[in-house]
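In what follows, every chain begins at residue 1, and chains take the letters A, B, ... in the order their sequences are listed. Computed from a predicted structure; not experimentally measured.
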2 protein chains.
Amino acid sequence: MATGRTHRPATTRSRGIPEATVARLPLYLRALTALSERSVPTVSSEELASAAGVNSAKLRKDFSYLGSYGTRGVGYDVEYLVYQISRELGLTQDWPVVIVGIGNLGAALANYGGFASRGFRVAALIDADPAMAGKPVAGIPVQHTDELEKIISDNGVSIGVIATPAGSAQQVCERLVAAGITSILNFAPTVLSVPDGVDVRKVDLSIELQILAFHEQRKAGEEVPPEEETAPPAAPPAATVTKRPDSGPDGDVPAVMPA
Amino acid sequence: MATGRTHRPATTRSRGIPEATVARLPLYLRALTALSERSVPTVSSEELASAAGVNSAKLRKDFSYLGSYGTRGVGYDVEYLVYQISRELGLTQDWPVVIVGIGNLGAALANYGGFASRGFRVAALIDADPAMAGKPVAGIPVQHTDELEKIISDNGVSIGVIATPAGSAQQVCERLVAAGITSILNFAPTVLSVPDGVDVRKVDLSIELQILAFHEQRKAGEEVPPEEETAPPAAPPAATVTKRPDSGPDGDVPAVMPA
DNA sequence: TCGTGTGAAGTAATTCACAGCC
DNA sequence: GGCTGTGAATTACTTCACACGA
């Protein structure tokens, strides 16, 4: 999962709905919306689960936390379920969001159609570069960071997206929080620290690739058998280094990587 | 968490390392790299955990799956740990990746520095639009989809990034897999189906925002107490609809949302 | 009869708490 | 004395399997 919460221990069930379930509701919603467009009236847990890429037991259990919205022997009413999930997710109102940091990524986010179509409205684009100020991106003029507090309070924004370089992210985060933002989606490759009551989710492209590389390496390792010992890596610290019995092939050279 | 695996049940412990631990290793690595740049020689689990945004018990447990790389009473040797985690993640080799779909997002990804700096090399950019062919993005000329198979086999690419519109994603995915790709990072808002042995991770911007909206709504709901009943929503299907005792405030109107 | 809804069972992840080593 | 490493306890999540209602 490209993501993770920060505050509020994952253990806290939000209104009794497990966090893992909440994370899947948008998936179900997307599948249901597609069915709705094709005017499919009802759907079984099996069909919907398959469209959402999960198994049907999980889906039924997930829905059971919301209430009993299906009909035994029949399935779920698509339109009704779309509404119930939308309401549960808070998508029956629209949420103004601000995007801070209008570089390549910020601009891509501003242009991303998936926001507007799901109850999110880009209320403002903010960048620290004065040269950007006034330039329209995705039809919205970029405003300077100086205006940040005013923009947020004037528009009643509670969700902020950080797409700045890592070095500025914490500072931007603090200004957002001070200005009243209580939910942050962070694309900067850095850990944000926020006070209690503020939610942070992060999306880190390089972390996702690293996780893939881990599994990729494993696949490769299965084909190539033992592999002869190469010179052991960087000098261990002055300590007895034990290794798990099942630990993998030794690599070759330390190769410390840049930031 | 912006993400999730697809095949290979999450239950499968890769070489004994829990999936949840693997997902945190890149986080530790990033924190360690920062310490390394500041020439900090050793770090305690407490300090490192705080820098990575997790608690120290979790961090120590995570490291215990890799081996015993610390020194009791002292902490962990930064350089050594950087190497060990890099090796575990497969980052001591570099991984060529292809990015398919060079729109706003694809271009942003191509320009993203975090890839190159961590062992990933953008081997090629691929787009279906003939008008894009030859145009350089991030210094790399875009190639046409026709070349996809050749590019992958010529460069021995095993990791692919899909940044196409949702409608083309599955088809692109199938071509990638047929050409030998075994790990996919999917930015298209769609569920990809892949054969066994292929890993998929997804990043969906709109899903992340929806999860934030859920929690945001909850916060708002805590302030506003009971709230008078509004007219009940969309006509329920012909069935007795039960609701969980603790279910939330009723919204107002169905408001079916577009795709 | 069919498919939902859900207790119960099973599995994974987290946290506790302390023995062991420096 | 301080901090790692790890079994044990806890909590969260998933899957099973079947009663129940349409």
Open item on the list: Which residue in the set B:V40, B:L81, B:L27 passes side chain to side chain contact (heavy atoms under 4.5 Å, CB included) when paired with B:L32?
Closed with: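 Answer after filtering B:V40, B:L81, B:L27: B:L81.
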Open item on the list: Both A:D62 and A:G73 contact DNA chain D. Taking the nearest nucleotide for each, which residue is further toward the 5' end?
Closed with: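 Its nucleotide being nearer the 5' end, the pick is A:D62.
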Give the rounded distance in Å between these two atoms: [atom1] of [X] and [atom2] of [N].
{"X": "B:L59", "N": "C:dT15", "atom1": "CG", "atom2": "P", "answer": "12 Å"}
{"X": "B:F63", "N": "D:dC3", "atom1": "CZ", "atom2": "P", "answer": "16 Å"}
{"X": "A:Y80", "N": "C:dT4", "atom1": "OH", "atom2": "P", "answer": "16 Å"}
{"X": "A:L66", "N": "C:dT4", "atom1": "CG", "atom2": "P", "answer": "15 Å"}
{"X": "B:E46", "N": "D:dG1", "atom1": "CD", "atom2": "P", "answer": "19 Å"}
{"X": "A:Y76", "N": "C:dG3", "atom1": "OH", "atom2": "C1'", "answer": "8 Å"}
{"X": "B:R60", "N": "D:dG7", "atom1": "CZ", "atom2": "P", "answer": "14 Å"}
{"X": "A:Y65", "N": "D:dT15", "atom1": "OH", "atom2": "P", "answer": "12 Å"}

TODO: Just report the end-to-end axis angle for the helix from C:dT1-D:dA22 to C:dC22-D:dG1, five pairs per end, to 10 degrees.
DONE: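 The two end axes of the helix from C:dT1-D:dA22 to C:dC22-D:dG1 meet at 0°.
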Collect all protein-nucleotide pairs involving nucleotides 8-10 of chain D in which both atoms are nitrogen or oxygen and the distance is under 3.5 Å.
none

Open item on the list: Taking B:V191's backbone N and O only, do any of them form a donor-acceptor pair with B:K202's side chain (distance below 3.5 Å, no angle check)?
Closed with: no
- [ ] Please identify each residue that fulfils side chain to side chain donor-acceptor pair (under 3.5 Å) with A:T182, with sequence neighbours left out.
- [x]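 Only B:E216 meet the side chain to side chain donor-acceptor pair (under 3.5 Å) criterion with A:T182.
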- [ ] Under the side chain to side chain donor-acceptor pair (under 3.5 Å) rule, collect the residues that match up with A:Q93, sequence neighbours excluded.
- [x]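 Counting only residues at least two positions away or on another chain, A:Q93 forms no side chain to side chain donor-acceptor pair (under 3.5 Å).
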Task: Below 4.0 Å: OP1/OP2 of D:dT14 and any side-chain N or O of A:N55 - done: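 False: A:N55 side-chain N/O out of range (4.0 Å or more) of D:dT14 OP1/OP2.
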Task: Phosphate contact (D:dT4 OP1 or OP2) by B:S45 side-chain N/O below 4.0 Å - done: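 For D:dT4, OP1 or OP2 has a side-chain N or O of B:S45 closer than 4.0 Å.
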Open item on the list: I want to check something: taking the side chain as every heavy atom from C-beta on, are B:F214 and A:S183 in contact at a cut-off of under 4.5 Å?
Closed with: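 SC-SC contact between B:F214 and A:S183 ruled out.
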TODO: Report yes if some heavy atom in the side chain of A:V22 is under 4.5 Å from a heavy atom in the side chain of A:E88; otherwise report no.
DONE: no
TODO: Tell whether A:R72 reaches the base of D:dC20 with its side chain through a donor-acceptor pair below 3.5 angstrom.
DONE: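 Indeed there is one.
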Open item on the list: What I want to check is whether the side chains of B:Q84 and B:Y80 have a donor and an acceptor closer together than 3.5 Å.
Closed with: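 B:Y80 and B:Q84 do have a side-chain donor-acceptor pair below 3.5 Å.
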Got a list of side-chain donor-acceptor pairs under 3.5 Å for residues 50-60 of chain A, not counting sequence neighbours?
from	atom 1	to	atom 2	distance (Å)
A:N55	OD1	A:A57	N	3.2
A:N55	OD1	A:K58	N	2.9
A:S56	OG	A:E46	OE1	3.4
A:R60	NH1	A:S45	OG	3.2

Task: ring pair (Phe, Tyr, Trp, His ring centres under 6.0 Å) involving B:F63 - partner list, sequence neighbours excluded - done: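 B:Y28, B:Y76.
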Open item on the list: Can you identify which nucleotide, out of D:dG5, C:dA13, C:dG5, has its nearest atom closest to the B:E19 side chain?
Closed with: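 The closest nucleotide is C:dA13.
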Task: Which nucleotide in C:dT6, D:dT14, C:dT15 has an atom nearest any side-chain atom of B:K58 - done: C:dT15
